[in-house]
Number of protein chains: 4
Amino acid sequence: MEIENSTSASPRKWHRRKQARPDEISKAALIAFAQKGYAAATMADIAKLAGITKGTIYLYFKNKEDLFNALVREHIVDRLAAHFSGMENSEDVISAINHCFDVVSDMALTEEVLVLGRVITAEARNFPAIAQFWGAEVIDSLLDLVTALLRRGGAQGTLGAVNPEAAARLCLALVLQELIWHPSFNVGDREHSDPRSMMELQRAIIIQGIRAAQVFV
Amino acid sequence: MEIENSTSASPRKWHRRKQARPDEISKAALIAFAQKGYAAATMADIAKLAGITKGTIYLYFKNKEDLFNALVREHIVDRLAAHFSGMENSEDVISAINHCFDVVSDMALTEEVLVLGRVITAEARNFPAIAQFWGAEVIDSLLDLVTALLRRGGAQGTLGAVNPEAAARLCLALVLQELIWHPSFNVGDREHSDPRSMMELQRAIIIQGIRAAQVFV
Amino acid sequence: MEIENSTSASPRKWHRRKQARPDEISKAALIAFAQKGYAAATMADIAKLAGITKGTIYLYFKNKEDLFNALVREHIVDRLAAHFSGMENSEDVISAINHCFDVVSDMALTEEVLVLGRVITAEARNFPAIAQFWGAEVIDSLLDLVTALLRRGGAQGTLGAVNPEAAARLCLALVLQELIWHPSFNVGDREHSDPRSMMELQRAIIIQGIRAAQVFV
Amino acid sequence: MEIENSTSASPRKWHRRKQARPDEISKAALIAFAQKGYAAATMADIAKLAGITKGTIYLYFKNKEDLFNALVREHIVDRLAAHFSGMENSEDVISAINHCFDVVSDMALTEEVLVLGRVITAEARNFPAIAQFWGAEVIDSLLDLVTALLRRGGAQGTLGAVNPEAAARLCLALVLQELIWHPSFNVGDREHSDPRSMMELQRAIIIQGIRAAQVFV
DNA sequence: TATGAATGAGTCTTCATTCAT
DNA sequence: AATGAATGAAGACTCATTCAT
């Protein structure tokens, strides 16, 4: 979380490392976007953080947007895809939902996802392609998955008769708050003791609420 | 310089302008920030929306940041202060919490608050003063209020023994999702039927969950 | 022909002159393009020559290409359009052609036309829109006009039976040489005594040649 | 580093490379300059066309300008020198002039010369040395040659009494149009049927005109 | 009070050139 | 001899801000 300027002791003007560069750059970009947002982070900021010059970035990424997209793909799309497969057919609804929570909160508590989510949330309107992708691939697919599970649970009688869509979005909201609260506004003394355990407490409340629900669709 | 408004004969009607001008500007600014975010919205955009020229904005606001600050003050700070007073001492915890929800969701479903919240969330780091304010005055004060209520409810036995902080944050999360989801990502068929009724469904789940809670601090 | 830097004694940071600016800028642009060509002339060059800053140019012209197009329109298209009207129907072919020569050589000996022609000739490939415009509006329309006259002259027997297209292009070539030779390469002692009288001598040769022609279509 | 060419068994065949490399590069450069002009053609373009990397170019040419100079030297300077020798003393003026036309139009219709001529014409000001050379060695020497021939023809009575300089430049203009018109602006239906035959038609007109000339110096 | 012409620092991006390997 | 990663100095264009009017 500390910005580590890797130029510090560069003995040579440059150093051959085709392999490492793109990673260094995307790491730097993530930090820069986290600190300033997409629009306000400059290529110069990113380069400085990566310990290189602006021009070098363009050897590996077509432009700023491409660099941002690469981050989204690397940290979100690919990871999400890896985790969810065939889960919506699971019969044990409660444990499937719990698994869902586990996976998503593992991801959402990742610094990378938090940062990207925050940036996208705020600046998506300026980058329709990214917004579209995030909306469809991330939000909708999660929502669909959880909604399907809740509906099945309701049908089975395992869960109360909640409106599945409302409940699904409540689950996601639980994750999203992290995105908003995580490291931005703990300027005062409020510092969330432990995000993970807090999430678990909240999850319990929701599951409890769903189980006991008298709320009809 | 203005041709007199033909609807009425009130003499020197345009003196009203002096007061109206800053309001027109901040209305325009809100729209511009909503459409493009803070960084991407230009003073020219704002001026155009307000039907004036760039220079005029600087007669009423020191600079872009000042203009944004004014919006935050007008739409969030002042309104919040008006609504919550002496509420944390209320004895009827459940209805106090419900009132809380009502007030906050009234606010959060306001276009103005949504916009500002979103922008702050994303670009707060570029405006430490605003971030500080938003964190302390908005987030923390709400959190403190709800936490206090929940704690009293737990002590009274009116509510289950939830961790009051976790539950409080869950309540806020419910509101925050609105901020994030409102009009950005409805790309697919997901289009929140009715934000307010959805919120009520969710609120019911949470209250249910809290009531039934066996989750100990 | 001397580059006159109009900033010399600017007593104020800037000066209101909406009317004069665009002209000053296009004058400066013409000089810059003449000195360096389209690609190599920078907006900073142009601004400096105009005694203003880069940003100001963009108040009057959308971008570099727009600025160049404006020059072409102003100095070539509009002028050409003004001169030729109904000429291709003239019965006195010889004098029509002579008039043609007069008009075109008046224009072609203008510093502005020479510069623009030269730049377009060389860099048109990189700016297809400009090339298209110049090709169709300037070259083709002249060629068509002269060809028509020559054809009629041949039919009348007033002129020899030359291939009208070849001859038309020869006439234009006469003009084009000016474009290439005018002030670029007189680095040595060759300095065309007087372009206009030289052109007249050449025109006489061509007309002579056409009159006496045995060359059949 | 090269896999041996399978067509022959000649040992160490690639030693040929040492000589071939610069030629490959200049061929590539010519294509690149032809397509984009001097300024817009990049070293990367050239390298790609040559099938090598940018760095390699600098083993053979000091820089971009040097590479361009080499092209001019190779295609224009050397060839010109080879063709014209002792011709200005020829007694049969008409056929000498015709020979002149042949040689020059052979050269001018060469893709290489067209390209270089066009580039020089446009961007000469950025390369004073080249402009100087082109002006003195190419233009002036041709002009001098033709002028001398025409003057002698006039003195002999073989040709009419034209102004020899004007006529000489008219001859060159005929060639120059090719340089300008060749592949840039054939936008409409104008597409020079056959440049060579067109040139011959035009040449006939000029010679006709010179022969019949009553135009006195 | 309002204008709008002008500024100039700053942004993304390109590209000739260098140089360790 | 050849590579190709890296540089850094531009270049076109934008925009918050100023200020004479």
Side-chain angles (χ1 to χ4, degrees), chain A residues 10 12-21 39-47 51-65 67, chain B residues 1-2 14-15 17-18 21 39-47 51-67, chain C residues 10 12-21 39-47 50-67, chain D residues 1-2 14-15 17-18 21 39-47 51-67:
Chain A
S10 82
R12 280 173 297 224
K13 227 168 161 187
W14 52 265
H15 199 63
R16 175 174 311 224
R17 30 189 176 149
K18 178 158 198 180
Q19 296 314 318
R21 271 288 175 258
T42 72
M43 296 305 259
D45 291 336
I46 296 170
I52 54 177
T53 57
K54 278 177 296 174
T56 304
I57 299 176
Y58 290 87
L59 295 177
Y60 301 96
F61 300 93
K62 216 176 76 221
N63 51 34
K64 198 180 177 183
E65 189 171 341
L67 175 51
Chain B
M1 198 178 243
E2 282 258 296
W14 61 78
H15 266 200
R17 290 262 128 194
K18 271 172 189 158
R21 185 71 3 134
T42 71
M43 295 304 261
D45 291 335
I46 296 169
I52 54 174
T53 58
K54 279 182 292 178
T56 305
I57 300 176
Y58 289 87
L59 295 176
Y60 300 96
F61 301 92
K62 218 177 74 218
N63 51 32
K64 198 181 179 183
E65 187 170 345
D66 185 43
L67 176 51
Chain C
S10 83
R12 282 174 296 224
K13 231 171 163 185
W14 52 265
H15 199 63
R16 177 174 309 224
R17 28 190 177 145
K18 181 158 196 181
Q19 297 314 317
R21 273 286 176 257
T42 72
M43 296 305 261
D45 291 336
I46 296 170
I52 54 176
T53 57
K54 279 177 297 175
T56 303
I57 300 176
Y58 290 89
L59 295 178
Y60 301 96
F61 300 93
K62 217 177 74 220
N63 51 33
K64 199 179 176 183
E65 189 170 339
D66 183 44
L67 175 52
Chain D
M1 195 179 248
E2 282 256 297
W14 62 77
H15 266 201
R17 290 261 129 194
K18 272 172 192 159
R21 186 64 10 131
T42 71
M43 296 304 261
D45 291 336
I46 296 170
I52 56 175
T53 59
K54 278 182 293 177
T56 306
I57 300 175
Y58 289 86
L59 295 177
Y60 301 96
F61 301 92
K62 215 176 77 217
N63 52 32
K64 198 181 178 184
E65 188 170 346
D66 184 44
L67 175 51

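In what follows, every chain begins at residue 1, and chains take the letters A, B, ... in the order their sequences are listed.
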A:Y60 side-chain N/O to F:dA6 phosphate OP1/OP2 under 4.0 Å: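 It does, given that an N or O in the side chain of A:Y60 lies less than 4.0 Å from OP1 or OP2 of F:dA6.
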
Are B:K54 and E:dG4 close enough that a side-chain N or O sits under 4.0 Å from OP1 or OP2?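 Looking at the OP1 and OP2 atoms of E:dG4, neither is under 4.0 Å from any side-chain N or O of B:K54.
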
Could you say whether A:A44 or D:A40 is positioned toward the 5' end of DNA chain E, judged by the nucleotide with the nearest heavy atom to each?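 Going by which nucleotide is closer to the 5' end, it is A:A44.
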
When the nearest nucleotide of DNA chain E is assigned to B:L59 and to A:M43 on a heavy-atom basis, which residue is associated with the more 5' position?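 The answer here is B:L59.
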
Heavy atoms from C-beta onward define the side chain here; which of [options] lies closest to that of [X]?
| X | options | result |
| --- | --- | --- |
| A:Y58 | E:dC12, F:dA16, E:dG8 | E:dC12 |
| C:N63 | E:dA2, F:dA6, F:dC13 | F:dC13 |
| C:K64 | E:dT14, F:dA12, E:dT17 | F:dA12 |

[X] has an atom [atom1]; how far is it from atom [atom2] of [N], in whole Å?
| X | N | atom1 | atom2 | value |
| --- | --- | --- | --- | --- |
| A:E65 | E:dT11 | CD | C1' | 16 Å |
| A:L67 | E:dT11 | CG | C1' | 15 Å |
| D:I57 | F:dA2 | CD1 | P | 12 Å |
| B:I46 | F:dT17 | CD1 | C1' | 13 Å |
| D:F61 | F:dA1 | CZ | P | 14 Å |
| D:I52 | F:dG4 | CD1 | P | 11 Å |

Residue pair D:R21, D:I52: steps toward the side-chain contact (heavy atoms from CB on, under 4.5 Å) verdict: CA-CA 10 Å; D:R21 186 64 10 131; D:I52 56 175; 3.4 Å; yes

Pick base, sugar-phosphate or nothing for [X], based on heavy-atom distances below 4.0 Å to the nucleic acid.
| X | result |
| --- | --- |
| A:T42 | sugar-phosphate |
| D:T56 | base |
| C:A41 | sugar-phosphate |

Separation between NZ of B:K54 and OG1 of B:T42, rounded to the nearest 0.5 Å: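 With rounding to 0.5 Å, NZ (B:K54) is 8.0 Å from OG1 (B:T42).
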
For B:T53, side chain to side chain contact (heavy atoms under 4.5 Å, CB included) partners two or more places apart: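 Per chain and number, B:T53 pairs via side chain to side chain contact (heavy atoms under 4.5 Å, CB included) with B:T56.
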
Over all heavy atoms of both residues, which pair between A:Y58 and A:N63 is shortest? Give the atoms and the distance, please.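 Result for this residue pair: CE2-CA, 3.9 Å.
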
Identify, between B:A39 and A:T53, the residue whose nearest nucleotide on DNA chain F lies closer to the 5' end.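 Taking each residue's closest nucleotide, the earlier one in sequence belongs to A:T53.
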
Which nucleotides of DNA chain F pair, in dot-bracket form (Watson-Crick or G-U under 3.5 Å, | meaning another strand): .||||||||||||||||||||

